[in-house]
Student: 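One structure, pasted below without further comment.
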Amino acid sequence: MQNTNRSALYWAPRMLGIAAAIFLATFAFDVFGEGLAFGDLVVAFVIHLIPSISILAVLAVAWRWERVGGMLFIVLGFFYVAMFWDPGRWMAYLIIAGPLFVTGGLFMLNHWIMRTEGAE
């Protein structure tokens, strides 16, 4: 595989994971419009950041162990779908769980390609 393609496949899932965490973190800012007391506001903000923190934790694992991290990203995607199952929410599944599935697949693909090239 060319170095350019190898580099793109290496960085694509990492950047997609970071982008997914940032995207979900933006939804945490809605707590500031609810008029809560400062202590309640901090607690609500941290609770709303749990999905982003989970993605960053899985990303940290995937950065070191791509296959395990790839599987964990796919598990996060299935977890989201299972937690919020509603047949009419396919667009939400596509927007939120879709990048998690793609990120997991890209991590696993990169792991497989690196292992295959190392065996040659």
Side-chain angles (χ1 to χ4, degrees):
M1 182 180 250
Q2 293 178 340
N3 283 339
T4 306
N5 291 341
R6 186 178 298 139
S7 179
L9 186 57
Y10 178 84
W11 285 106
R14 288 157 175 82
M15 293 299 109
L16 186 57
I18 291 169
I22 291 170
F23 175 70
L24 289 180
T26 60
F27 293 109
F29 290 103
D30 71 341
V31 300
F32 291 109
E34 295 187 19
L36 299 173
F38 181 74
D40 294 335
L41 185 69
V42 170
V43 170
F45 187 65
V46 170
I47 288 172
H48 279 76
L49 285 177
I50 289 174
S52 294
I53 293 168
S54 300
I55 290 173
L56 292 175
V58 170
L59 184 61
V61 170
W63 212 293
R64 175 66 176 96
W65 301 286
E66 290 182 324
R67 183 174 51 167
V68 173
M71 287 187 252
L72 288 174
F73 267 108
I74 292 170
V75 166
L76 278 180
F78 280 120
F79 181 73
Y80 173 77
V81 172
M83 286 291 294
F84 302 104
W85 177 249
D86 179 4
R89 296 187 54 171
W90 65 271
M91 186 61 81
Y93 301 139
L94 184 65
I95 292 171
I96 296 175
L100 299 175
F101 291 131
V102 171
T103 302
L106 287 173
F107 270 117
M108 295 184 71
L109 177 65
N110 190 44
H111 170 76
W112 179 75
I113 288 174
M114 290 299 133
R115 191 183 72 196
T116 303
E117 286 182 353
E120 293 177 355

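The basis for the numbers below is simple: all heavy atoms, side chains too, and nothing from hydrogens, waters or symmetry mates.
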Student: So, do Phe84 and Tyr93 have ring centers that fall under 6.0 Å from each other?
Tutor: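 For Phe84 and Tyr93, the ring centres are not under 6.0 Å apart.
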
Student: Give a yes or no on this: more than 12 heavy atoms of other residues, nucleotides or ligands lie within 6.0 Å of atom CH2 of Trp112.
Tutor: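 Open.
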
Student: Flag yes if Met83 and Leu94 sit in one hydrophobic cluster, no otherwise; membership is Ile, Leu, Val, Met, Phe, Trp, Tyr, and two members link when side-chain heavy atoms are under 4.5 Å apart.
Tutor: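 Both belong to a single hydrophobic cluster.
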
Student: State the CZ-CG distance between Phe29 and Leu49, to the nearest 0.5 angstrom.
Tutor: 7.0 Å

Student: Hey, quick one: are Val58 and Met15 part of the same hydrophobic cluster, counting side-chain heavy atoms closer than 4.5 Å, chains of contacts allowed?
Tutor: yes

Student: Val81, Leu76: one ILVMFWY side-chain cluster at the under-4.5 Å cut-off?
Tutor: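 Yes; Leu76 is reachable from Val81 via cluster members.
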
Student: Do Phe107 and Arg14 touch side chain to side chain, with heavy atoms closer than 4.5 Å?
Tutor: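 Yes, close enough: below the 4.5 Å cut-off.
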
Student: Looking at every non-hydrogen atom in both residues, tell me the closest pair between Ala21 and Ser52 and how far apart they are.
Tutor: O-OG, 2.8 Å

Student: Between Trp65 and Met71, is there a side-chain heavy-atom distance shorter than 4.5 Å?
Tutor: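 Not touching, per the 4.5 Å side-chain cut-off.
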
Student: Are Leu72 and Leu59 connected, step by step, through hydrophobic side chains (Ile, Leu, Val, Met, Phe, Trp, Tyr) whose heavy atoms are closer than 4.5 Å?
Tutor: yes

Student: So, taking the atom named OG1 in Thr103 and the one named CD1 in Ile18, what distance separates them when rounded to the nearest 0.5 Å?
Tutor: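 Spacing of OG1 (Thr103) from CD1 (Ile18) equals 10.5 Å.
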
Student: I need the Ile53 CD1 to Ile47 CD1 distance, nearest 0.5 Å.
Tutor: 10.5 Å

Student: Could you report the tightest heavy-atom contact between Val31 and Leu41, atom names first, then the distance?
Tutor: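 That would be O-CD1, 3.3 Å.
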
Student: Looking at Phe32, I want to see if its CZ is surrounded by more than 12 non-hydrogen atoms of other residues, nucleotides or ligands under 6.0 Å.
Tutor: yes

Student: Could you grab the distance from atom CG of Leu16 to atom CD1 of Ile55, nearest 0.5 Å is fine?
Tutor: 9.5 Å

Student: Roughly how far, to the nearest 0.5 Å, is CE of Met114 from CG of Leu109?
Tutor: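 Answer for the CG-CE pair, Leu109 versus Met114, is 9.0 Å.
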
Student: Please find the pair of heavy atoms, one from Phe45 and one from Ala28, that lie closest to each other, and give the distance.
Tutor: CD1-O, 3.5 Å

Student: Under 6.0 Å between the ring centres of Trp85 and Trp90?
Tutor: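 No - the distance between ring centres of Trp85 and Trp90 does not fall below the 6.0 Å cut-off.
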
Student: Find the distance between CD1 (Ile95) and CZ (Phe23) and round it off to the nearest 0.5 Å.
Tutor: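 Going from the CD1 atom of Ile95 to the CZ atom of Phe23 covers 6.0 Å.
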
Student: Of all heavy-atom pairs between Leu36 and Ala44, which one has the smallest distance, and what is that distance?
Tutor: CD1-CB, 4.0 Å

Student: Are any of the side-chain heavy atoms of Phe73 and Val102 separated by less than 4.5 Å?
Tutor: no

Student: So if you build clusters from Ile, Leu, Val, Met, Phe, Trp, Tyr with side-chain heavy-atom gaps below 4.5 Å, do Leu24 and Val61 land together?
Tutor: yes

Student: Considering non-hydrogen atoms only, spot the tightest contact between Ala62 and Gly70 and give its length.
Tutor: CB-N, 4.5 Å

Student: Nearest heavy-atom pair of Ile96 and Tyr80: which atoms, and what distance?
Tutor: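 Answer, listing the atom of Ile96 first, then Tyr80: CD1-OH, 3.5 Å.
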
Student: Please indicate whether Phe79 has more than 12 foreign heavy atoms, meaning atoms of other residues, nucleotides or ligands, lying under 6.0 Å from its CZ.
Tutor: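 Result for CZ/Phe79: open.
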
